[in-house]
Amino acid sequence: MKPLPPPLFFLLFLFLLSTTATPANATKPATPKTPMLSPTPSPTSSPTSPATKAPTSSPLDPKQIEALQSFNIPTTRDPCVQPSPRNATICDNSKPFRHLISLHLSNCSSDLSLSFNALKSLSSLRSLSFTNCRVSPIRFPSDLSLSLTSFSCIRSLRRLSGVWLSRFVNLTDLTVSQTPVSASGVYVILGNMHKLKTLTISHANLTGFLPGHLHLNLTHVDLSDNKLKGKIPTSLTLLEDLGFLNLSSNGLNGEIPAEFGDLVSLKNLSLASNSLSGSIPDTMSGIPGLVHVDLSNNQLNGTVPKFLSELKGLKVLNLENNGLHGVLPFNASFIKRLAVFKVAGNANLCYNHTVLSSKLKLGVAPCDKHGLPMSPPPSKETSADRESDSSDYTDDGDDNKTNKNHHGPSKVVLGFAIGISSIVFLIIFLILLAKWCC
Ligand SMILES: *[C@@H]1O[C@H](CO)[C@@H](O)[C@H](O)[C@H]1NC(C)=O
Ligand SMILES: *[C@@H]1O[C@H](CO)[C@@H](O)[C@H](O)[C@H]1NC(C)=O
Ligand SMILES: *[C@@H]1O[C@H](CO)[C@@H](O)[C@H](O)[C@H]1NC(C)=O
Ligand SMILES: *[C@@H]1O[C@H](CO)[C@@H](O)[C@H](O)[C@H]1NC(C)=O
Ligand SMILES: *[C@@H]1O[C@H](CO)[C@@H](O)[C@H](O)[C@H]1NC(C)=O
Ligand SMILES: *[C@@H]1O[C@H](CO)[C@@H](O)[C@H](O)[C@H]1NC(C)=O
Ligand SMILES: *[C@@H]1O[C@H](CO)[C@@H](O)[C@H](O)[C@H]1NC(C)=O
Ligand SMILES: *[C@@H]1O[C@H](CO)[C@@H](O)[C@H](O)[C@H]1NC(C)=O
Ligand SMILES: *[C@@H]1O[C@H](CO)[C@@H](O)[C@H](O)[C@H]1NC(C)=O
Ligand SMILES: *[C@@H]1O[C@H](CO)[C@@H](O)[C@H](O)[C@H]1NC(C)=O
Ligand SMILES: *[C@@H]1O[C@H](CO)[C@@H](O)[C@H](O)[C@H]1NC(C)=O
């Protein structure tokens, strides 16, 4: 065999280079981006911090400096300069002394005590929040209770009482999470908070019933993971501005009120893990903006309503573990559009196999011609499958994506084999070409 002439070697080299060069080209545009990002914020941020400092140079009220020191917050650097360390402090621009309007205490040491006198000097605060601050319960001066518009307590203050919280009558935002709250009902806490817009009391072992009426300007209600019981009051459906409702993991029972469709602003809804019964109300078709619907782990019955497939913005639909029956009214393109779609654990639910493929692994059986499940749903198999492909519907892959998951390695091998053989073919071709022409 004659050795390859140099120009052909060069050609082969070029070919190999072009195949290996693609990843290098792909990374090239990314590399200049990353260094460019870091210089841009620094020129903008460094002039702004002296700029905010320059015009308002009045110092923080000495009493408040003393209070901060008693809370172990360092004050050697002016606490009013933004951004403050850990975002702990924000001040107003009053003269001759500035005053704190926001204070965030986090990761407090266990020996920290919040004295009544220190708190008394802080009645300029609008926002007060605690994160990981397990200090003893404190008596709040009434001036401070009245001045706050935002109060947040996450894993802090050991335990709270409803009566204590109810004194914050000017709040627009209330957040309590992972802190036990003792109250004989949500109403005790909210009764006098007439300006409330966002309400979170979650993981708090809160007992009692949902309040008979809530303030109409609420946009966000999260009372998840408590011990609330009773029915969902119809009055809840009067909250026209409510965009977020999470009542999951409580002991709520009864039916979802038919008036639920009046919650026209609702986007995220979770009523999961309660004891709700009855059917999914058809009126919900009147809520155009629904994005996230989780009704899993209840005792809902009836059929799956078709209107759900007409919700253009829907991303998450979880109806798992209920008593729903009948034929799933969805096609594959709807299901693939969603990031999460779960319907397993509904023994009498089935899918039309001329419309939906078994490869979607919905965890329900195919229907017979009467719309009844053909066989008991393959529960063992599907639960195992769902664990491994839990992100089945997160990408817009084709019908064969589950195959890809199971036979992924063989495809890689196949691709490799094709690549190798095409290179071999090219070499043979070049050799033949060399023989014929030269
Ligand atoms: C500090 O607060 C600002 C404005 O509220 C926020 O954008 C920023 O992310 C916060 N920084 C930290 C470290 O929490
Ligand atoms: C508080 O501590 C946690 C864990 O120790 C840490 O992740 C967090 O960043 C800390 N928060 C602040 C504001 O320092
Ligand atoms: C808070 O509400 C009370 C009455 O409920 C009112 O007198 C007071 O002016 C309010 N305080 C602030 C700072 O808005
Ligand atoms: C709620 O109660 C349970 C059991 O009574 C307890 O294990 C859990 O820690 C409590 N949660 C809070 C936030 O106190
Ligand atoms: C409720 O919201 C409306 C419209 O945003 C506003 O006019 C009204 O003053 C608010 N009511 C209260 C008590 O904040
Ligand atoms: C509702 O709350 C639960 C528990 O706090 C949480 O796991 C879930 O993600 C929340 N759902 C929505 C829709 O925010
Ligand atoms: C659905 O549940 C409700 C309330 O538990 C019950 O009254 C109704 O008969 C049930 N319907 C079906 C079709 O099972
Ligand atoms: C609402 O649900 C969507 C989709 O699951 C999620 O991306 C978004 O963060 C949720 N909004 C809130 C306020 O939890
Ligand atoms: C799937 O269902 C949606 C909603 O019902 C409909 O708009 C769409 O045309 C259907 N797609 C196919 C391929 O049938
Ligand atoms: C399944 O879909 C086909 C085609 O849309 C339809 O003709 C058939 O009646 C459906 N079967 C059931 C049980 O709904
Ligand atoms: C899935 O693969 C089969 C062959 O295994 C093929 O006939 C079918 O067209 C593929 N479906 C899609 C949507 O690519």
Side-chain angles (χ1 to χ4, degrees), residues 92 99-102 122-128 140-151 154-155 166-173 175-179 190-196 198-206 215 219-228 242-250 252 263 266-274 285 289-298 304-320 327-342 351-352 354-357 360 396 398-399:
D92 66 8
H99 292 98
L100 288 166
I101 53 174
S102 171
L122 294 177
S123 55
S124 60
L125 284 177
R126 295 284 173 270
S127 167
L128 178 59
F140 263 46
S142 63
D143 280 358
L144 178 56
S145 306
L146 290 180
S147 74
L148 291 179
T149 60
S150 170
F151 178 77
I154 299 169
R155 287 185 299 277
S166 71
R167 298 208 179 98
F168 298 119
V169 296
N170 291 321
L171 288 186
T172 59
D173 302 282
T175 301
V176 177
S177 182
Q178 298 168 68
T179 305
L190 304 185
N192 292 313
M193 294 183 190
H194 298 299
K195 299 172 185 169
L196 206 58
T198 73
L199 166 67
T200 297
I201 303 177
S202 68
H203 315 285
N205 283 347
L206 186 61
H215 182 55
T219 60
H220 181 111
V221 172
D222 182 350
L223 296 171
S224 63
D225 195 16
N226 283 302
K227 293 175 173 167
L228 298 171
L242 193 66
F244 181 99
L245 178 62
N246 193 341
L247 301 176
S248 66
S249 301
N250 277 292
L252 302 174
L263 292 171
L266 203 57
K267 292 195 164 56
N268 293 39
L269 169 67
S270 178
L271 303 175
S273 304
N274 281 290
S285 62
L290 279 171
V291 170
H292 188 123
V293 176
D294 187 352
L295 303 176
S296 61
N297 299 302
N298 280 291
V304 175
K306 173 145 178 59
F307 73 80
L308 289 168
S309 71
E310 274 132 38
L311 298 171
K312 294 280 177 282
L314 198 65
K315 292 207 169 67
V316 173
L317 180 59
N318 190 346
L319 303 175
E320 245 175 11
V327 185
L328 265 182
F330 305 133
N331 60 26
S333 52
F334 168 75
I335 290 172
K336 284 174 189 164
R337 184 163 67 73
L338 300 182
V340 176
F341 177 78
K342 292 182 176 178
Y351 67 90
N352 185 336
T354 62
V355 177
L356 292 175
S357 152
L360 288 170
D396 304 359
D398 55 16
D399 244 349

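First listed ligand is number 1; within each ligand, the first listed atom is number 1. In this chain, residues are counted from 1 in sequence order. Note: hydrogens, waters and symmetry copies are ignored here, and every other heavy atom, side chains too, is used.
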Return a table of N or O atom pairs, ligand 6 on one side and protein on the other, at distances under 3.5 Å, rounded to 0.1 Å.
{"residue": "ligand 6", "atom": "2 (O)", "partner": "Ser224", "partner atom": "OG", "Å": "3.3"}
{"residue": "ligand 6", "atom": "2 (O)", "partner": "Asn246", "partner atom": "OD1", "Å": "3.4"}
{"residue": "ligand 6", "atom": "2 (O)", "partner": "Asn246", "partner atom": "ND2", "Å": "2.3"}
{"residue": "ligand 6", "atom": "2 (O)", "partner": "Ser248", "partner atom": "OG", "Å": "3.3"}
{"residue": "ligand 6", "atom": "5 (O)", "partner": "His203", "partner atom": "NE2", "Å": "3.4"}
{"residue": "ligand 6", "atom": "5 (O)", "partner": "Ser224", "partner atom": "OG", "Å": "2.8"}
{"residue": "ligand 6", "atom": "11 (N)", "partner": "Asn246", "partner atom": "ND2", "Å": "2.9"}
{"residue": "ligand 6", "atom": "14 (O)", "partner": "Asn246", "partner atom": "ND2", "Å": "3.4"}

Next item on the list: For ligand 3, find out whether one of its N or O atoms is nearer than 3.5 Å to an N or O atom of Asn170.
Entry: yes

Next item on the list: Write down the atom of Ser145, the atom of Phe140, and the distance for their closest heavy-atom approach.
Entry: OG-CB, 3.6 Å

Checklist line | Nearest atoms (heavy-atom pairs only) where Ser177 meets His203 | finding: OG-CD2, 3.7 Å

Next item on the list: Please determine if Glu310 has a nitrogen or oxygen closer than 3.5 Å to a nitrogen or oxygen of ligand 9.
Entry: no

Next item on the list: Would you check if the side chain of Asn170 reaches a backbone N or O of Thr149 as a donor-acceptor pair within less than 3.5 Å?
Entry: no

Notebook entry, point to check: Only one of Leu228, Thr200, Leu245 clears side chain to side chain contact (heavy atoms under 4.5 Å, CB included) with Leu223; which?
Noted result: Leu228

Notebook entry, point to check: Looking only at heavy atoms, which two atoms of Asn226 and Leu206 are closest? And how far apart?
Noted result: OD1-N, 3.0 Å

Check: Any chance the side chains of Thr198 and Asp173 put a donor and an acceptor closer than 3.5 Å?
Finding: yes

Next item on the list: Using a 4.0 Å heavy-atom threshold (strictly under), name the region of Ser309 that reaches ligand 9: side chain, backbone, both or neither.
Entry: both

Check: Counting from 1, what ligand 9 atoms have a heavy atom of Lys306 closer than 4.0 Å?
Finding: 5 (O)

Margin query: Would you call the rings of His220 and Phe244 parallel, tilted or perpendicular, taking 30° and 60° as the class edges?
Written below: parallel

Item checked: Rounded distance [0.5 Å steps], CG in Asp225 versus CG in Asn250 -> 7.5 Å

